[in-house]
Amino acid sequence: MVVENNIIIEALWVLLEQVPDPEIPVLSILDLGIVRDVQMHGEQIEIIITPTYSGCPAMDAISMDIRLKLIENGFKDVKITSILSPAWTTDWMTQEGKIKLKKYGIAPPKMSGNSSDSSPVCPQCSSADTKLLSQFGSTACKALYQCNDCKEPFDYFKCH
Amino acid sequence: MDQLINYILHLADSNLILTQRNAAWCGHGPILEQDIAITNITLDLIGQSRNFYQYAAKLINETSGKEETEDSLAYLRTEREFKNLLLAEQENGDWAQTIARQFFYSLYQYFLYEKLQHSKDEQLAAIAAKSLKEVTYHVNWSSEWMIRLGDGTTESKERLTNAVATLWPYTGEMFLPANYESAMIAEGIAVDVIELKNDWIKKVTSFFEEATIALPENGFMQTGGKNGVHTEKLGYILSDLQYLQRTYPNATW
Ligand SMILES: [Zn+2]
């Protein structure tokens, strides 16, 4: 029974890998690091997630997408629990996620231990000579920068 | 338990009312980037207040058997039941007044949540720890604007000076605990706001120096918001905010 449960839980993680972030669809919700745990209580599946930002409007969409993905795959009884503590940090984003972000044209977040005054590297030309245009970008999680070399403006996924 | 619920509602209400004020800038900001900035800040504030309201609703329902939700608490309470700071309900005025209001509030929130994350109440501590990261950005943004406006042109300086003079009498209330707050301070749940005052004043003073504007004299301070006694402005805010639920009860999306 335990072995069987473990196989199902592994299958669930594979399914969750297929749920994209609605605002940055190249990232899965696992890349983002918001899925904290997957549990089975008899027939019921519980997915524990943590919000990125308190007011992130994508969280409702993400809960819905998780539910749909699991229902599509035969899991009828799905419970989604949102927990606040420990607070989400960009350090939980996977290395693979950071590579995907850069390819997509968004500068990935630095590790939170690093000094915050150094500018992010331009995702287009990899120049380190970039400047902040606005601390707030197109979504709650991003800031707007511009590259001083190739002159392209770009989004930076804020360290959080 | 009532005192804890009142304390949580106080935290939630200040955020909600400031959210409603700030949201009026959506589509009207001075330039696109700043329009986006103020609405992003507002999104954080509403998210934080939702966390507080959900927690308050849970406690109310557990103790009284009522069926409150985050929505019923926001849309169906009356003016005297709102416990927001008077500062939050003050008018947007010009951009300088909106900035000064945000700066005073964000800086207060920063010191408040820094302590609240160590509250004996685990849920309040979790909400505060999460919100603190967001508020840090709000302080950075609003303090930069304080400096830009104060140390800017003659006109921007004059506007900011007027804004500060208008809002200053509403800042004292932040550091005077209401009765329910004092009860929760004694239990190690609420933050003793009296202790925040020095840090807050010190930071305000240093930013004002950089912005080359004078700190107002410590004159008469307005109070009442925390206990539901508001300026006439709150009624107008609520009539907008609650219009839909009042006109079409139980309407849903
Ligand atoms: Zn570049």
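FYI, side chains are in, hydrogens and waters are out, and symmetry mates aren't considered; it's all heavy atoms of this structure.
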Roughly how far, to the nearest 0.5 Å, is [atom2] of [Y] from [atom1] of [X]?
| X | Y | atom1 | atom2 | result |
| --- | --- | --- | --- | --- |
| A:F136 | B:L43 | CZ | CG | 10.5 Å |
| B:K130 | A:T89 | NZ | OG1 | 9.5 Å |
| A:L84 | B:Q54 | CG | CD | 8.5 Å |
| A:S134 | B:L32 | OG | CG | 9.0 Å |

**Q.** Interface moiety of A:P51 toward chain B, non-hydrogen atoms closer than 4.5 Å
**A.**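 When you check distances to chain B, atoms from both the backbone and side chain of A:P51 fall under 4.5 Å.
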
For [X], I'd like to know if atom [atom1] has over 12 heavy atoms of other residues, nucleotides or ligands within 6.0 Å.
| X | atom1 | answer |
| --- | --- | --- |
| B:E67 | CD | no |
| B:E62 | CD | yes |
| A:Y104 | OH | yes |
| B:Y75 | OH | no |

Name the region of [X], side chain, backbone, both or neither, that has any atom closer than 4.5 Å to a heavy atom of chain A.
| X | value |
| --- | --- |
| B:N51 | side chain |
| B:E122 | neither |
| B:I46 | neither |

Q. What residue, out of B:E144, B:Q123, B:Q48, B:K133, has the most heavy-atom pairs lying under 4.5 Å from chain A?
A.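 Looking at each of B:E144, B:Q123, B:Q48, B:K133 in turn, B:K133 comes out on top.
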
Q: Report yes if some heavy atom in the side chain of B:E33 is under 4.5 Å from a heavy atom in the side chain of A:L133; otherwise report no.
A: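 The answer is no; the side chains never approach within 4.5 Å.
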
